[in-house]
J.: 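Below you'll find the structure I mean.
Proteins get letters first, then strands, A, B, ... in listed order; numbering begins at 1 in each. Every value quoted in this text rests on a predicted model; they were computed, and no experiment measured them.
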Amino acid sequence: MATEEMEQLVRREYKQGFVTDIESETVPPGLDEDVIAFISQKKGEPQWMLEWRLDAYHQWLKMTSPDWAHLNYPPIDYQAISYFSAPKSKDDAPKSLDEVDPKLLETYEKLGIPLHERAALAGVAVDAVFDSVSVTTTFKDKLHEAGVIFCSISEAIREHPELVKKYLGTVVPKGDNYFAALNSAVFTDGSFVYVPEGVECPMELSTYFRINAANTGQFERTLIICEKQAQVSYLEGCTAPMRDENQLHAAVVELVALEDAYIKYSTVQNWYPGDEDGKGGIYNFVTKRGDCRGDRSKITWTQVETGSAITWKYPSCLLRGDGSVGEFYSVAVTNGRQQADTGTKMIHIGKDTKSTIVAKGIAAGKSDQAYRGLVKIMPRAKNARNFTQCDSLLIGDRCGAHTFPYQEISNSSAMVEHEATTSKIGDDQLFYCRQRGIDEEDAVNMIVNGFCKDVFQELPMEFAVEAEALLSVTLEGSVG
Amino acid sequence: MLEIKNLHATVEGNEILKGVNLTINPGEVHAIMGPNGAGKSTLSAVLAGRDGYEVSEGTITFDGKDLLELEVEERAQAGLLMGFQYPVEIPGVKNIYLLKAALNAQREARGEGDIPAPEFMKLVKEQIAFMKMDPSFLQRAVNEGFSGGEKKRNEILQMLILQPKLALLDEIDSGLDIDAMKVVAEGINSLRNSQRSILLVTHYQRLLDYITPDHVHVLVDGRIVKSGDKSLAHELEARGYEWILEESAA
């Protein structure tokens, strides 16, 4: 099959591009101390939080945007971004779905996320974020019974300041990197999860993020804490409407797992990647890090990345506790002119720590992607083990895939394995499937899904189905 | 079933097939033999509809349809299935998944619904036992890590399940030891019936010790220069291709 046909297969229109007409309360573009004070006041935050933000802001002012990634984009004008936008509702946030702006619900419907149905059918508690304010939280009662706290970060700052104070910024410090510092200064919302000792969270927690107001950067902040022997599975899914200007998204996610705790964090990301020339897509500069603080704790990152114009993202694990385990399973699909520089960092600090990295990259169209991974074995990390597998699949001949594995090993008892492959979706494979009677599009889907299988099987069932569907939409095109 | 008339085909501008004529009736087994470079693989590729092979002249009628007008998958759906000389590996896709997807795609093309799962499992179990394959094959990725013999058995297994009208077997005996060849030959023989046709493309006649063809054709330099019954294959085995080359040149 010719390259052109192959590319037709993977070309498609973004199916979720539309803008909801809701009045937003938006501050004028620009960033200074007043804007930060405005955000903090809007959120009803205590003084210590404002000071925390300002400290981050001052650190950010002294930093420069990183340029080491395998990405190419024009400089971002941070003064042209509006840092606060909230959908207007009555006085307070709605108490139930009935009080939610019907247009907002309609938006979710269009996205194929019927909130109530979804929540009811799947038994998933959804903390939906529309622009910057959480509009509805479901299943709170059931979680409350189990002692699990699942709320917006703003609410947590007001209602559970002792927990927020104790953990916020302890995994990703304010000055960790340029985008994390920016986020720390201006974050507007996000999720907070606290699972008390010995509790296995009774349901999977899910949040849908959506960027809506024009030209508004979105700065989510997520903090998840699992006490000793506690367990939680958290699902994050994203999608955004079509836009002309690039939209910046710089989230920070912090996970803390204490002794014998397990946090499973799964993401399906489907943000607007821009049009065929790469215009208008989301810039996704995210800092995600998990801290296996307690012995025998475990953190698993699973991600399916199909959207964004530019992705800069390295969900990482600090394996501090002895015998702790970090896992990273990733599928990244780039098409059109998308660019992605993504991977993970596994920092082995404690003894007998283990990490597994399975990264699958699929590049189509004129896209370009890089896997960047660091495995670091610290001197005290006796008997540390790592297994890394990076596979790239190219569709057509105008895309690129690169692998940058870094290893820093300071303990001779460590065992570190790395495997990497790059393959092209074969004309032979396609021909073989078609000669069995399977049409071209189904054959491409079958081959790509086979390639991603190792990762999909790590996703929660519901997400795995969604991920397969997403992949087939992403690679859908006009055949013949 | 299949009627090839004056078929000319080129690969990268070079004419490989120079006027092939061949008629296969339902229930017949034909063998096409010939020296390397005679155009055997090209003929298979043209029949299956592979890219890069251009038909410059001639017609192919399959089961009343103009074969050259059909896409690759449509040919398969119409009942023309090829057993590959080099079956490809498809990592992560289970054998059973491919079998089911293929069978259902063909059923859908015939306007039938998906095969019920119990019925499918029964069918697969029977045939896999017949091919002396371990059921664990079904859970393995398509052809991944299979030995040469396993790959070829797998091709025949697909034929047994998909039940084509015309089975086109391209050098199915290459790379097989004698035991594997017997199993493969048994599978092919079990495909034989009064409605189904089989076209064997092979360099060596040893496969024909196990599968008795109704007709044997010798392809030389893009043309069928001699046709006969099974005794022709034995003659080729004994005398090689030289005498035919001389005869056809004369």
J.: Does any heavy atom of chain A fall under 4.5 Å from the side chain of B:Leu80, the backbone, both, or neither of them?
T.: both
J.: Using every non-hydrogen atom in the two residues, find where A:Phe431 and B:Ala48 come nearest and quote the distance to one decimal.
T.: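 Closest pair (atom of A:Phe431, atom of B:Ala48, distance): CZ-CB, 3.8 Å.
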J.: Below 4.5 Å from any heavy atom of chain A, which atoms of B:Glu74 appear? Answer side chain, backbone, both or neither.
T.: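 Looking at B:Glu74, nothing touches chain A.
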J.: Evaluate whether atom CD of B:Glu54 has more than 12 neighbouring non-hydrogen atoms of other residues, nucleotides or ligands under 6.0 angstrom away.
T.: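 No.
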J.: Rounded to the nearest 0.5 Å, what separation is found between the CG atom of B:Asp51 and the CG atom of A:Leu430?
T.: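 Here the interatomic distance stands at 10.0 Å.
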J.: Nearest 0.5 Å, what's the CD-CG distance between B:Glu89 and A:Asp428?
T.: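 Between atom CD of B:Glu89 and atom CG of A:Asp428 there are 11.5 Å.
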J.: Nearest heavy-atom pair of B:Gly92 and A:Lys453: which atoms, and what distance?
T.: O-CD, 3.3 Å
J.: For the NZ atom on B:Lys151, are there more than 12 heavy atoms of other groups (residues, nucleotides or ligands in this structure) within a distance under 6.0 Å?
T.: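 Buried by this count: over 12 neighbours within 6.0 Å.
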J.: Report which part of B:Leu162 has an atom under 4.5 Å of a heavy atom belonging to chain A: side chain, backbone, both, or neither.
T.: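 When you check distances to chain A, only side chain atoms of B:Leu162 fall under 4.5 Å.
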J.: Counting only heavy atoms closer than 4.5 Å, note whether A:Tyr432 contacts chain B via side chain, backbone, both or neither.
T.: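 Looking at A:Tyr432, backbone and side chain both touch chain B.
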J.: Answer yes or no: does atom OH of B:Tyr97 have more than 12 heavy-atom neighbours from other residues, nucleotides or ligands under 6.0 Å?
T.: no
J.: Between B:Glu155 and A:Arg436, is the closest basic N to carboxylate O distance under 4.0 Å?
T.: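 Yes, A:Arg436 and B:Glu155 are salt-bridged.
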J.: Need one label for B:Ala109: side chain, backbone, both or neither, based on atoms under 4.5 Å from any heavy atom in chain A.
T.: neither
J.: Please check if the number of heavy atoms outside B:Glu112 that lie under 6.0 Å from its CD is greater than 12.
T.: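 More than 12 within 6.0 Å, yes.
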J.: Can you name the closest pair of heavy atoms from A:Gly450 and B:Val93 and give their distance?
T.: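 Shortest heavy-atom separation between A:Gly450 and B:Val93 comes out as CA-CG2, 3.8 Å.
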J.: Which region of B:Asn143, side chain (C-beta onward) or backbone (N, CA, C, O), has a non-hydrogen atom less than 4.5 Å from a non-hydrogen atom of chain A, or is it both or neither?
T.: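 When you check distances to chain A, only side chain atoms of B:Asn143 fall under 4.5 Å.
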J.: Using a cut-off of 6.0 Å, state whether more than 12 heavy atoms not belonging to A:Gln457 lie near its atom CD.
T.: yes
J.: For A:Gly437 and B:Ala105, which heavy atoms make the closest approach, and how far apart are they?
T.: O-CB, 3.2 Å
J.: Which bit of B:Pro87 is near chain A, if near means a heavy-atom gap under 4.5 Å: side chain, backbone, both or neither?
T.: both
J.: Out of A:Met446, A:Gln429, A:Gln435, return the one with the most heavy atom pairs under 4.5 angstrom to chain B.
T.: A:Gln435
J.: For chain A, find which of B:Lys94, B:Met82, B:Gln77, B:Arg75 contributes the most heavy-atom pairs closer than 4.5 angstrom.
T.: B:Met82
